[in-house]
Amino acid sequence: MLVDLGADTTTVSVYAKNILRHLAVIPLGSNNITKDIASLQMEEQDAENMKLKYACAFTDNDDIDNTQMLPIDAERTVESRKFIEIVEGRVQEIIENVWYQVPNEYVDKLLGGIILTGGGSNLKDIERALAKFTHIEKVRTAKFVTPTINSNSEDITAHDATMNTLLGLLVKGDENCAGDEITNDLFGETTPKTTVTTADLHKTPRPINETTGRGVVQTEAEKLKAEEELRKKREAEEAALAEKEAEQRRNSFFNKTFRKLKEFGEKMIKEEE
C-alpha cells in the first residue's frame, strides 16, 4: 500500500501483483494537524512552526513529561501533554481512515507492507504510528524517486518526499507529444533553442497515424481536421444513400408502369397528328 500524506489530502493506493486494485483520496492531511494545534489560541503560522519543531506521530505515555511546557512565542506556552494529545488524535484519525480503505481481501496480503511519501511523511515517528495502528510491521518512507533528477533548485532535489508525486509524473512522461526535445536542466531558467508557442503547435496537424494512438491528445488543428473529414464522410454517405433511394424509386413497379403508360400516350398522340 502506498500512502501519500499531503497537506490537504491523503491518497491511498493498494497494489497486488503489480496491478492497482484500489485508489482513494481522503480529505485529511498535515494541514489538519496544524489547524488543530491552532485551536490552542494561536495563529496558524505559529501552529505550523510548532508542528515542525515539536510534533510527533506517536509518543509512549511513560515518555510524556506532565510538567513540560512548549513555547508558542516569547510570552506564551502550552502544556506538552495537551499538545501531544491533539497531534496524535488527528494522526490516529488519518491512519484509521487510511486503513479503512484497504479492501478486505487484501488486509492480510500486504506482503510489500506500507510505503509512505508526501510532505506529511516527515512527521516524526509516523512509521511507528502506522505500524502500531495497522499491525503491519513493514513500513518505510520513500524520500525521493529512484531515477536521476537534475536540478539546481534545492526544493526539487531535497529528499523530503514533498516533490515525489510531481517527479513521478515527469518520470513517467517519457514521450514528447509536441515541441522540441527538452535538454539541460528541466527546472532551470535556461532559454530553449527555439520558442514554441501553443498557437504554433496547433497550426499544422500531425499525420493521422500519430494522432489515433491510445492516450494521444489532439491539437486544435487536428480536432478541426478530424471534424472536417467526418463531415465530408457523412455528406458523402448521405448523398450515396439519396442516390440509392432515387434509383430504387425509378426502378419500382409503379414508376415503370407509369413511364410505359406515358410513352404509350405520347405515341398515340403523335399517330393521330
Side-chain angles (χ1 to χ4, degrees), residues 1-2 4 6 8-27 97 100-106 109 145 147 164-183 186-187 191-273:
M1 177 169 67
L2 175 65
D4 185 356
D8 298 305
T9 60
T10 297
T11 305
V12 182
S13 309
V14 179
Y15 293 85
K17 297 182 178 179
N18 294 324
I19 298 176
L20 178 63
R21 307 292 182 172
H22 183 73
L23 175 67
V25 180
I26 302 169
N97 277 275
Y100 181 78
Q101 291 300 324
V102 181
N104 292 332
E105 60 267 33
Y106 299 114
K109 297 177 182 178
V145 295
N164 282 3
T165 298
L166 174 60
L167 295 176
L169 288 170
L170 291 173
V171 167
K172 294 302 293 184
D174 55 2
E175 293 184 8
N176 189 12
C177 298
D180 294 338
E181 183 176 354
I182 298 171
T183 57
L186 181 61
F187 303 97
T191 303
K193 295 180 181 179
T194 57
T195 302
V196 181
T197 65
T198 304
D200 294 330
L201 298 177
H202 290 181
K203 285 181 180 178
T204 306
R206 291 168 288 183
I208 189 67
N209 63 324
E210 293 184 13
T211 60
T212 55
R214 182 179 180 184
V216 176
V217 178
Q218 293 182 334
T219 64
E220 191 63 29
E222 290 162 353
K223 290 179 181 178
L224 293 175
K225 181 180 179 182
E227 291 174 358
E228 179 66 17
E229 292 178 350
L230 183 61
R231 183 185 64 80
K232 290 180 179 179
K233 182 180 179 182
R234 189 182 300 114
E235 290 178 350
E237 291 175 349
E238 292 175 353
L241 180 60
E243 178 63 26
K244 183 178 180 181
E245 291 175 349
E247 182 67 22
Q248 290 176 346
R249 286 195 298 270
R250 287 193 295 268
N251 295 329
S252 67
F253 175 78
F254 174 79
N255 282 335
K256 287 182 178 179
T257 303
F258 178 77
R259 285 198 302 271
K260 287 181 179 180
L261 290 173
K262 184 179 179 181
E263 291 172 358
F264 178 75
E266 291 174 349
K267 184 179 179 181
M268 291 296 292
I269 293 172
K270 288 182 180 179
E271 289 177 354
E272 289 178 1
E273 292 176 349

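In this text the structure is predicted, and so the values were computed from the model without any measurement. Positions are given from 1, in the same order as the sequence printed here.
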Keeping to residues at least two apart or across chains, list the side-chain hydrogen bond (donor to acceptor under 3.5 Å, both in side chains) pairs with something in residues 14-26. His22-Gln101
Which atom pair, heavy atoms only, marks the closest approach of [X] to [Y]?
X	Y	value
Ile26	Val12	CD1-CG2, 3.9 Å
Pro103	Val14	CD-CG2, 4.2 Å
Val145	Gly168	CG1-N, 4.1 Å

Could you pull out all residues at least two apart from Thr9 that satisfy side chain to side chain donor-acceptor pair (under 3.5 Å)? none
Who are the side chain to side chain contact (heavy atoms under 4.5 Å, CB included) partners of Glu245, not counting sequence neighbours? Leu241, Arg249
Please name all residues satisfying side chain to side chain contact (heavy atoms under 4.5 Å, CB included) with Asp8, sequence neighbours left out, ordered by chain then number. Asn31
For [X], which residues count as a salt bridge (Lys or Arg N to Asp or Glu O under 4.0 Å) partner, sequence neighbours excluded?
X	value
Glu227	none
Glu235	Arg231
Glu247	Arg250

When you compare the side chains of Thr165 and Asp4, does any donor N or O come within less than 3.5 Å of an acceptor on the partner? yes
